[in-house]
Protein chains: 2
Amino acid sequence: MSTQPGDVFSSHCGSRTVLDHVTSKWAVLVLSALDRGPMRFSALRRRIDGVSEKMLAQTLRTLEADGFVVREVAPTTPPQVTYRLSWLGAELTVHLSGLLDFITTRLPDIQAARRA
Amino acid sequence: MSTQPGDVFSSHCGSRTVLDHVTSKWAVLVLSALDRGPMRFSALRRRIDGVSEKMLAQTLRTLEADGFVVREVAPTTPPQVTYRLSWLGAELTVHLSGLLDFITTRLPDIQAARRA
DNA sequence: CAGTATCCGTTGCGATACTG
DNA sequence: CAGTATCGCAACGGATACTG
């Protein structure tokens with residue numbers, strides 16, 4: 001019930017770090033985009049409106065380091081780099097997609113409830 | 001399939017704003033804490049390790065404005081202010097709790113998969 | 001195509017002090 | 001107790017330019 005090791009409520013625990021990565025500004029959108037299938041860098045850029053190259057690259061590197069995304073390079077010229085969800089990433093994205101669906105479908109209610 | 005009005009993938013849509021609020025550094029933790037029942041300001045501060053008064057107040061105000069959290073003041077001295085989830089907030093938190101549970105329980109796998 | 005590097009303004013956010 | 005106000009630094013993150 002109270003704070004336990006690994007609990008998100010305690011700082012300096014790994015789970016807090018992962019939570020911050022996953023809920024960062026662009027990570028949610030990247031993961032959800034990849035949920036529909038592997039995508040290349042430029043396709044992701046086009047899909048996610050407003051993301052800069054820098055932030056997309058940074059987000060992808062973080063997600064790859066956390067084991068949620070797999071980066072695959074085809075040895076062609078020009079090189080084709082494809083990103084896809086790992087098994088762990090797919091499990092994660094189930095939860096995120098549920099969140100996105102909720103926000104999207106309930107947006108009218110949210111905006112109706114909004115004050116000031 | 002492609003970008004639609006209200007879609008999170010397009011910027012300048014309300015859903016993107018709400019998503020940013022909800023996935024902000026402290027909002028996830030506040031909502032999850034309130035999921036167990038109403039809490040007072042100072043109790044939330046103690047529960048959520050590392051949050052400053054400023055950020056807790058700011059987060060609560062945003063969540064209240066979005067209609068996810070309800071603020072109730074008991075007319076006593078000293079005043080007792082209690083925060084609780086609205087119906088909409090409770091629905092939202094279902095998804096967030098799922099996310100937190102996933103991260104917490106799968107943390108070993110995540111850290112095992114982590115590179116560099 | 002798929003990035004990296006640099007610059008640099010904006011914002012996040014902790015610390016501190018003060019209020020009803 | 002339950003906040004608000006102000007300060008100030010560090011990190012976030014967008015724009016631009018450059019690379020293999």
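Letters go in sequence order (proteins before strands), and every chain restarts at 1.
- Rounded to the nearest 0.5 angstrom, A:Thr104 OG1 and A:Leu99 CG are separated by 9.0 Å.
- Side-chain N or O atoms of B:Arg16 include one that pairs as donor or acceptor with a backbone N or O of B:Val8 at under 3.5 Å.
- Between the C1' atom of C:dC13 and the CG atom of B:Leu29 lies a distance of 15 Å, rounded to the nearest Å.
- For the side-chain contact (heavy atoms from CB on, under 4.5 Å) with B:Phe68, the lone residue among B:Leu85, B:Val30, B:Val18, B:Thr93 that qualifies is B:Val18.
- Distance, B:Asp20 CG to C:dC13 P: 12 Å, rounded to whole Å.
- The backbone N or O of A:Leu34 lies less than 3.5 Å from no partner atom in the side chain of A:Arg84, so there is not a single donor-acceptor pair.
- For the atom pair A:Trp26 CH2 and A:Thr59 OG1, the distance stands at 8.5 Å (nearest 0.5 Å).
- How far CG of A:Leu19 is from CG of B:Leu107: 11.0 Å, rounded to the nearest 0.5 Å.
- Between B:Asp49 atom CG and C:dC13 atom C1' there is a gap of 16 Å when expressed in whole angstrom units.
- Pairs of Watson-Crick or G-U wobble type, with distances under 3.5 Å, assemble into runs of 3 or more in DNA chain C at these ranges: C:1-20 with D:1-20.
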### Task
Take B:Asp49 and A:Ser10 through the test side-chain hydrogen bond (donor to acceptor under 3.5 Å, both in side chains) and record every step on the way to the result.
CA-CA 5 Å; B:Asp49 192 23; A:Ser10 61; 5.6 Å; no
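- Per the geometry, NZ belonging to A:Lys25 stands 6 Å off P belonging to D:dG14, to the nearest Å.
- Interatomic distance, CZ of A:Arg106 versus CD of B:Glu91, reported as 4.0 Å (0.5 Å rounding).
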### Task
Between protein and nucleotides 2-7 of chain C, map the contacts as a letter string: B base, S sugar-phosphate only, - none, heavy atoms under 4.0 Å, written 5' to 3'.
SBB-BB
